[in-house]
Enquirer: 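Take a look at this one; I'll ask things after.
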Amino acid sequence: MAAETLKSGTGAGGATAVRRLLLDNGALTALIVLVIAMSALSGDFLTTDNLLNVGVQAAVTAILAFGVTFVIVSAGIDLSVGSVAALSATVLAWSATQHGVPVAVAVVLAVATGIAAGLVNGFLIAYGKLPPFIATLAMLSVARGLSLVISEGSPIAFPDSVSHLGDTLGGWLPVPVIVMVVAGLIAAFVLGRTYVGRSMYAIGGNEEAARLSGLRVRRQKLAIYALSGVFAAAAGIVLASRLSSAQPQAADGYELDAIAAVVIGGASLAGGTGKASGTLIGALILAVLRNGLNLLSVSAFWQQVVIGVVIALAVLLDTVRRKAGATPMAAGTGSGGGKGRQAATYGLAAVVTVAVVGATSFLHGGTTSGTNPKVGLALSTLNNPFFVQIQSGAKAEAKKLGVDLTVTDAQNDASQQANQLQNFTSSGLDSIIVNPVDSDAASNSVKAADKAKIPVIAVDRGVNKATVDALVASDNVAGGELAARTVAEKLGGTGKIVILQGQAGTSAARERAEGFAKGLKAYPGIQVLAQQPADFDRTKGLDVMSNLLQAHPDVQGVIAANDEMALGAIKALGAKAGKSVQVVGFDGTPDGLTAVENGTLYASVAQQPSQLGRIAVDNALKALQGKKVEQTVKVPVKVVTKENVAGFSG
């Protein structure tokens, strides 16, 4: 085995013993420091509801990470777990709700999907001799693509009987936390008490030596990656249960969080070391960081910086630990005394944490309270000028009305937004404004806020299967119809066009596409040459339009589901834009309006996003004051062309 027992010097002083204790339990030390720091900085952190939130928010990452632990211990890597999780959940929802398959069978199919993906990874690595990075990167793309194909890019409602995995037991204990603990115990058992677990450490320590010792390395790799697939499937089911729907874009990027949790937990990417308990601590560190930074109103962009620094420090600590002569114990190895010392360390850590956290709680005396109303604004993304304008309008109105506004960025991740909304609810905000990543996925979080008697205002997009006090929005379908009519009339009712769609699986993309289709029905002379997603992104708009021009050089018009994609298309069109090819965008962003003024963008269907933000904050304040608010507040859309752009302000 590559794992070594901890070395202990004779005659070492107390300082050396403490230093070695910290080195050998770096992740646990970091978690304790984080909990103490967050408790001191935020009076909302150390509450039962919020600590349970941390557990729920760690659950999916931890379950994925337990599977990745097997792979990393064996000196491999698995980049596909996030996509496999989404595919497994999609298979379950698709088979159970759309094809009448019994739920129990659908669950088996979902798990089988995870196993199949893992076996393919294992086969390509063990028998195809592909590097693990390349094989699993390919599976990442294949699994995500299959998820989109099966779901046709739209969320699929999850069976009610399985959705209970996202609920609580006894009204307080979250089921995802229970599943996480069970998964952790299973992972610990596999690593420490099974033949395949011991094989992981042997392969990770020295694969050639393991082979010469008679270990069937290729078969073991199949089993290792299949286990990773099983845990990915379980994580996907838990995630979809929380969101009440299988999202084809769910768990995007979660493979990086899973790998980070394993590394932070003390495993080495070189293989041979790693423990389930360390992985759990790593996942909790990431969850505590995100939760605490949300409560402290730290920008989501800075949160990424902080988490990156933590990962780098974790790897640095591993290097320092090895140079100091201390290596983490492999699960299931070492003497009984070593296990006893480990248990004593965890017990001591728990006592110290409780004592210090209890002391810091006196700094706050419970949840802090201020004279100004507190409102949370949960945006789907800030990587888009439209939503940046909503934020700007909301901040201006909040300042005017004396409201303390906390803004979060979900980065188009429905699960991350669910976490942020949970944090808003547990921290006792007076009102919540939500711009959902997906209208279905936000329902459970909004229901929780309703249960806590917190008014909720939806902005730009509604929330399905949940009650909101008001919806402040433009009509995406009506806006789509306007865009279609605008380009059709500019072309005189006949011509060839292409459509750049938004990110598959999002409500805005579906609604705008529906509007485009409705608007074009009145113009049979308009031929749609192609419809391709460019994910609301300018760079992807440029790439997709460049590709479409190769197949359709005779295109005369472009409809883009937002201004960013329209601007990318204009770049691809070059001198044709505004002359032989007419481009219509959507949103009325500053860059889009500048392009309209310059004549390269013919028109933009402007939604006045700043007004959306202002009106949302105004209604949030009215709702928490008990004043009457309109259930639906429609902000009119407007087609902005060169003729009227000078007098338009978003």
Side-chain angles (χ1 to χ4, degrees), residues 83 134 137-138 140-149 151-153 248-249 252 383-385 412 480 483-506 508-510 512-517 519-521 523-587 589 591-592 594-596 598-605:
S83 296
I134 299 301
L137 181 63
L140 177 152
S141 181
V142 169
R144 184 69 64 185
L146 287 175
S147 178
L148 289 165
V149 168
S151 66
E152 297 181 349
Q249 293 285 11
D252 187 20
N383 191 28
N384 184 308
N412 279 322
R485 286 205 301 269
T486 299
V487 75
E489 289 172 5
K490 178 63 177 176
L491 295 178
T494 59
K496 299 176 180 180
I497 69 169
V498 299
I499 297 175
L500 299 183
Q501 301 168 324
Q503 187 172 23
T506 59
R510 293 196 304 273
R512 294 179 188 185
E514 181 184 344
F516 298 156
L520 291 173
K521 280 184 180 179
Y523 300 91
I526 297 293
Q527 179 186 357
V528 179
L529 300 174
Q531 300 186 60
Q532 289 294 323
D535 297 346
F536 294 126
D537 182 78
R538 189 181 302 197
T539 302
K540 290 185 179 178
L542 167 61
D543 293 340
V544 172
M545 192 68 221
S546 298
N547 295 337
L548 291 177
L549 282 172
Q550 300 303 311
H552 307 290
D554 55 343
V555 65
Q556 297 168 280
V558 178
I559 304 175
N562 79 339
D563 284 346
E564 286 296 287
M565 293 187 296
L567 293 169
I570 287 170
K571 189 71 174 177
L573 289 165
K576 292 182 178 180
K579 295 179 180 178
S580 59
V581 182
Q582 304 301 323
V583 183
V584 175
F586 205 119
D587 284 343
T589 63
D591 284 353
T594 300
V596 170
N598 294 337
T600 52
L601 182 64
Y602 172 65
S604 178
V605 179

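This one's a predicted model, so the numbers in the text were calculated from it and none came from an experiment. All residue numbers refer to positions in the sequence shown, counting from 1.
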Enquirer: In terms of heavy-atom contacts, does CD of Glu152 have more than 12 from other residues, nucleotides or ligands at under 6.0 Å?
Expert: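 Incorrect, the count does not exceed 12.
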Enquirer: Show the nearest heavy-atom pair for residues Leu567 and Gly592, with the distance to one decimal.
Expert: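 Result for this residue pair: CD1-N, 4.2 Å.
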Enquirer: Between Leu529 and Gln527, does a side chain to side chain contact (heavy atoms under 4.5 Å, CB included) hold up when you go through it step by step?
Expert: CA-CA 6 Å; Leu529 300 174; Gln527 179 186 357; 3.7 Å; yes
Enquirer: Minimum heavy-atom separation for Ala569 to Val558, with atom names?
Expert: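 Distance-wise, the nearest heavy atoms are CB-CG1, 4.4 Å.
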Enquirer: Do Met565 and Phe586 make a side-chain contact, defined as non-hydrogen atoms from C-beta onward lying under 4.5 Å apart?
Expert: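 SC-SC contact between Met565 and Phe586 ruled out.
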Enquirer: Quickly, which of Ile570, Leu601, Thr594, Asp591 forms a side chain to side chain contact (heavy atoms under 4.5 Å, CB included) with Asp563? Name it, please.
Expert: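 Testing Asp563 for a side chain to side chain contact (heavy atoms under 4.5 Å, CB included) against Ile570, Leu601, Thr594, Asp591 leaves exactly one candidate, Leu601.
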Enquirer: If we only count heavy atoms from C-beta on, is the Gln503 to Phe536 side-chain gap below 4.5 Å?
Expert: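 Yes. Closest side-chain heavy atoms under 4.5 Å.
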Enquirer: Are Asp587 and Glu564 packed together at the side-chain level, in the sense that at least one heavy-atom pair is separated by less than 4.5 angstrom?
Expert: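 Asp587 does not reach Glu564 side chain to side chain.
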Enquirer: Set out, in order, the CA-CA distance, both residues' side-chain angles and the distance that settles side chain to side chain contact (heavy atoms under 4.5 Å, CB included) for Met545 and Leu573, then state yes or no.
Expert: CA-CA 8 Å; Met545 192 68 221; Leu573 289 165; 4.1 Å; yes
Enquirer: Within a strict 4.5 Å, meaning less than it, do heavy atoms of the Ile497 and Leu491 side chains meet?
Expert: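 Side chain of Ile497 against side chain of Leu491, heavy atoms only: contact under 4.5 Å found.
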Enquirer: Compare every heavy atom of Gly557 with every heavy atom of Val487, then report the nearest pair and how far apart it is.
Expert: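 For Val487 and Gly557, the tightest heavy-atom pair comes out as CG2-CA, 4.3 Å.
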Enquirer: Is there a side-chain contact between Leu520 and Ile499, using heavy atoms and a 4.5 Å cut-off?
Expert: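 SC-SC contact between Leu520 and Ile499 confirmed.
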Enquirer: Within the 4.5 Å heavy-atom criterion, are Arg512 and Asn562 side-chain neighbours or not?
Expert: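 A side-chain contact exists here, since the closest heavy-atom pair is under 4.5 Å.
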Enquirer: Between Gln550 and Leu548, is any pair of side-chain heavy atoms under 4.5 Å apart?
Expert: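 Gln550 does not reach Leu548 side chain to side chain.
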Enquirer: Could you check if a side-chain atom of Leu549 sits within less than 4.5 angstrom of a side-chain atom of Val555, using non-hydrogen atoms only?
Expert: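 The answer is yes; the side chains approach within 4.5 Å.
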